[in-house]
J.: 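Attaching a single structure in structure tokens format; questions to follow.
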Amino acid sequence: MLNRRNLLLGAGSATLAAGGLSALRASAGVSLEINSRETGFDFGGGLTQGLVSTADGAPPPVIRLKQNEAAQLRFTNGVDDYSTVHWHGIRVPNAMDGVPYLTQLPTRRGEAFDYAYTPQDAGTFWYHPHCVTMRQMAHGFTGILIVEEEEDPGFDLDLLLNLKDFRLGNEAELLDYFTPRGAARGGTLGNVMTTNWQRAPRYDVPAGGLVRLRIAATDTTRIYRVVLPDVDGEIIAWDGHPVEDPIPWPSREAPLFLGPGQRVDVAIRVPDGGAPLDILGMHGLEPMTFASLNPTGTSLGRDLAELKPLPRNPVTDFDLASAERRDLIFGWSPDGMIPNNGLCGSVEYTFWSINRDPWQGDASGMGPLANLELGKSYVFRLQNESPNDHPIHLHGLVFKPISSNQRKIPQNWTDTVLLHKNEIVDIAFVADNPGDWAFHCHVIEHQKTGLSGYIRIS
């Protein structure tokens, strides 16, 4: 049985991680090698070729770093597309953020780019390309990145669930990864939903043990509605940060919404035995199973009270009394210009905009959405004027949603907030990381067809 001691063995080597994913672990002075390549995989209906991963015939490995320890990661591009790597949710120096033209030039086939940063926040994050983003992500290049706490919180098992769908034809071939109709609406959904590239996998978990369940939505489009089993448990972290404002345990009647880019960490006390525990998604009339947890072995007799509380990450608190406000409106595009994304895959459509000004592409040279002063507090009012949901992601910083015109929104630190139809959400943060930071919808079709931009902190 997997446990905390044998999840990862050996610095920088690929090993087995809970959930059947391979894993890479950083160590001081050693550069992790992350090499993208085209590969194939059988999702259960025959071999699908043309997938993009950083492992042969397998999903991208889990990367494990340590809080406050320097990490070096060398990315070598092995696909014909240009590419970069963005470390979603990690507060890195601006030059390490992986956004083409804004922070670095795109990396061509056979070339390498060295990323180096010291993660200040512990939690669940992920990595993906930010150039030719739709194709490479839709075809599989979405990997989990974990920053371990300096002190072990005391789980018996750390289980990762990477939720991602694919669009496949009857012969297991890849279909078009997006459609104009989908891009102009909620996005183009896949027809094969996977967890760690598996369909409804079952994982053995220690009976009577304490499991840390890390669930990440790395899809390009799909908004997940997650239902957790009726067991002793608690949601302990949201988008990489310990929960301060409690999040209710999700049920079929009130599932947990998890938009593209978002993550949730759950502590579960596994029953002493019995039937498998199903992690469900509410899609259509009947729920579907993302994964099942099978209690095995003699009960460990653990109790949730034995866990150490997750320590607060070093986030600077904002001052609402002095905060300046900025208004950002997300809606349709007022014209039909074609974005200029340079080497990063321009598309032929513009459907979306921020403040009615569509993003003209990575290589367009557009100015910032807002100029902010380093160290000051700000409140951004995010207004969704469309009938579609938008997970809005801010690079390089974290913020707290502080109000909504539709719901009681948990006030927890995050990097991505899901705006519902016609919703207005105020977010607050301190502009404490200098540079140009991308700010966009993480439905990638929306991002690439206008709903994108950046803020400047100086």
Side-chain angles (χ1 to χ4, degrees), residues 67 87-91 119-127 142 144-149 153 155 158-163 210-219 222-229 233-251 254-268 279 281 290 304 307-318 380 382 389-404 406-420 423 425-430 441-442:
Q67 188 177 20
W87 316 97
H88 185 115
I90 301 284
R91 296 188 288 159
Q120 55 189 310
D121 301 325
T124 305
F125 306 96
W126 64 295
Y127 62 100
T142 66
I144 305 299
L145 190 156
I146 291 172
V147 180
E148 298 173 344
E149 292 83 6
F155 289 94
D158 198 334
L159 184 62
L160 322 173
L161 304 181
N162 184 348
L163 307 182
L210 300 178
V211 173
R212 183 173 187 166
L213 193 63
R214 303 178 191 253
I215 306 174
T218 72
D219 202 75
R222 187 178 295 277
I223 294 169
Y224 293 89
R225 293 177 290 165
V226 179
V227 177
L228 296 172
E234 181 183 2
I235 294 176
I236 58 173
W238 181 254
D239 287 344
H241 295 268
V243 165
E244 298 176 2
D245 189 1
I247 299 174
W249 194 257
S251 64
L256 180 71
F257 282 76
L258 204 63
Q262 295 188 297
R263 297 86 63 206
V264 62
D265 288 31
V266 180
I268 288 179
I279 314 298
F290 292 141
L304 285 172
L307 294 172
K308 299 180 181 70
L310 297 181
R312 186 181 191 270
N313 286 321
V315 180
T316 306
D317 286 316
F318 48 81
F380 277 14
L382 311 181
D389 292 350
H390 298 288
I392 303 299
H393 173 51
L394 176 59
H395 290 216
L397 300 103
V398 292
F399 57 84
K400 270 187 182 180
I402 57 174
S403 67
S404 165
Q406 293 185 1
R407 55 186 166 132
K408 180 184 182 302
I409 192 165
Q411 297 188 19
N412 292 303
W413 293 109
T414 181
D415 52 73
T416 306
V417 62
L418 181 61
L419 294 183
H420 295 301
E423 187 176 24
V425 171
D426 285 353
I427 65 171
F429 62 95
V430 176
C441 179
H442 227 283

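FYI, the numbering just counts along the sequence from 1.
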J.: Among I427, V425, V417, D426, exactly one meets side chain to side chain contact (heavy atoms under 4.5 Å, CB included) together with F380. Which residue is that?
T.: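 Among I427, V425, V417, D426, the one meeting side chain to side chain contact (heavy atoms under 4.5 Å, CB included) with F380 is I427.
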J.: Identify, with sequence neighbours excluded, every residue that meets side-chain contact (heavy atoms from CB on, under 4.5 Å) alongside P410.
T.: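 Expected list: D245, I247, N412.
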J.: Check this for me, if you would: do K400 and D317 make a salt bridge, where the nitrogen-to-carboxylate-oxygen distance has to be below 4.0 angstrom?
T.: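 No, this pair does not count.
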J.: Please work out which of the three classes, parallel, tilted or perpendicular, describes the rings of Y127 and W87, given edges at 30° and 60°.
T.: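 The arrangement is tilted - the two ring planes meet at 30° to 60°.
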J.: Would you find a donor on one side and an acceptor on the other, under 3.5 Å apart, between the side chain of Q262 and the backbone of T416?
T.: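 Such a contact is found between Q262 side chain and T416 backbone.
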J.: Counting only N and O atoms by type, is there a donor-acceptor contact under 3.5 Å from the side chain of W249 to the main-chain atoms of I235?
T.: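 No; zero donor-acceptor contacts below 3.5 Å.
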J.: Minimum heavy-atom separation for F125 to A122, with atom names?
T.: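 F125 and A122 have their closest heavy atoms at CE1-C, 4.0 Å.
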J.: Between N313 and Q120, is a side chain to side chain contact (heavy atoms under 4.5 Å, CB included) present by the stated rule, with each step listed?
T.: CA-CA 7 Å; N313 286 321; Q120 55 189 310; over 6 Å; no
J.: So how far is it from L228 CG to I279 CD1, rounded to the nearest 0.5 Å?
T.: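 Reported to 0.5 Å precision, the distance equals 5.5 Å.
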J.: If I take atom CD1 from residue I392 and atom CG from residue L382, how far apart are they, to the nearest 0.5 angstrom?
T.: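 It is 7.0 Å, given to the nearest 0.5 Å.
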J.: Roughly how far, to the nearest 0.5 Å, is CZ of R312 from CG of D121?
T.: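 Here the rounded value is 10.0 Å.
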J.: Could you check whether H442 and W126 have their ring centres less than 6.0 Å apart?
T.: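 Ring-ring flag for W126/H442: true, centres closer than 6.0 Å.
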J.: Angle between ring planes, F318 versus W413, binned at 30° and 60°: parallel, tilted or perpendicular?
T.: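 Correct class here is perpendicular.
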J.: Nearest 0.5 angstrom please: D415 CG to L394 CG, how far?
T.: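 Result: 8.0 Å between the selected atoms.
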J.: Are any of the side-chain heavy atoms of W238 and L258 separated by less than 4.5 Å?
T.: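 Yes; the side chains approach each other to less than 4.5 Å.
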J.: Please determine if K308 and E149 form a salt bridge, counting it only when a charged side-chain N lies under 4.0 Å from a carboxylate O.
T.: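 No, K308 and E149 are not salt-bridged.
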J.: Using the side-chain contact (heavy atoms from CB on, under 4.5 Å) criterion, which residues pair with P248? Sequence neighbours excluded.
T.: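 With sequence neighbours excluded, P248 shows a side-chain contact (heavy atoms from CB on, under 4.5 Å) to no residue whatsoever.
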J.: Restricting to non-hydrogen atoms, name the atom on E423 and the atom on S404 that form the minimum distance, rounded to 0.1 Å.
T.: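 Looking at all heavy atoms of both residues, the closest pair is OE2-OG, 2.5 Å.
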J.: Go through H241 and T414 one step at a time and tell me if the side chain to side chain contact (heavy atoms under 4.5 Å, CB included) criterion holds.
T.: CA-CA 7 Å; H241 295 268; T414 181; over 6 Å; no
J.: Kindly determine whether I144 and R214 satisfy side chain to side chain contact (heavy atoms under 4.5 Å, CB included), including the steps that lead there.
T.: CA-CA 10 Å; I144 305 299; R214 303 178 191 253; 5.8 Å; no
J.: Can you give me the closest heavy-atom contact between P250 and V227, atom names plus distance?
T.: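 Looking at all heavy atoms of both residues, the shortest contact is O-CG1, 4.1 Å.
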J.: Give the minimum heavy-atom separation between P242 and P311, together with the two atoms involved.
T.: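 Scanning both residues, the minimum pair turns out to be CG-O, 3.2 Å.
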J.: Residues in side chain to side chain donor-acceptor pair (under 3.5 Å) with N162, at least two apart?
T.: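 Scan of N162 (side chain to side chain donor-acceptor pair (under 3.5 Å), adjacent residues dropped) gives T218.
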J.: For G261 and H88, which heavy atoms make the closest approach, and how far apart are they?
T.: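 G261 and H88 have their closest heavy atoms at O-NE2, 3.2 Å.
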J.: Would you please test H420 and L418 for side chain to side chain contact (heavy atoms under 4.5 Å, CB included) and show each step?
T.: CA-CA 6 Å; H420 295 301; L418 181 61; 3.7 Å; yes
J.: To the nearest 0.5 Å, tell me how far I236 CD1 sits from R212 CZ.
T.: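 One gets 4.5 Å once the value is rounded to the nearest 0.5 Å.
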J.: Any sub-3.5 Å donor-acceptor pair from D239's side-chain atoms to R263's backbone N or O?
T.: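 Yes: the side chain of D239 pairs with the backbone of R263.
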J.: Please name the pair of heavy atoms, one in G259 and one in A217, separated by the smallest distance, quoted to 0.1 Å.
T.: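 That would be O-CB, 3.5 Å.
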J.: Between atom OH of Y224 and atom CG of L161, what is the distance when rounded to the nearest 0.5 Å?
T.: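 Reported value, rounded in 0.5 Å steps: 11.5 Å.
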J.: Do L163 and D219 touch side chain to side chain, with heavy atoms closer than 4.5 Å?
T.: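 No; the side chains remain at least 4.5 Å from each other.
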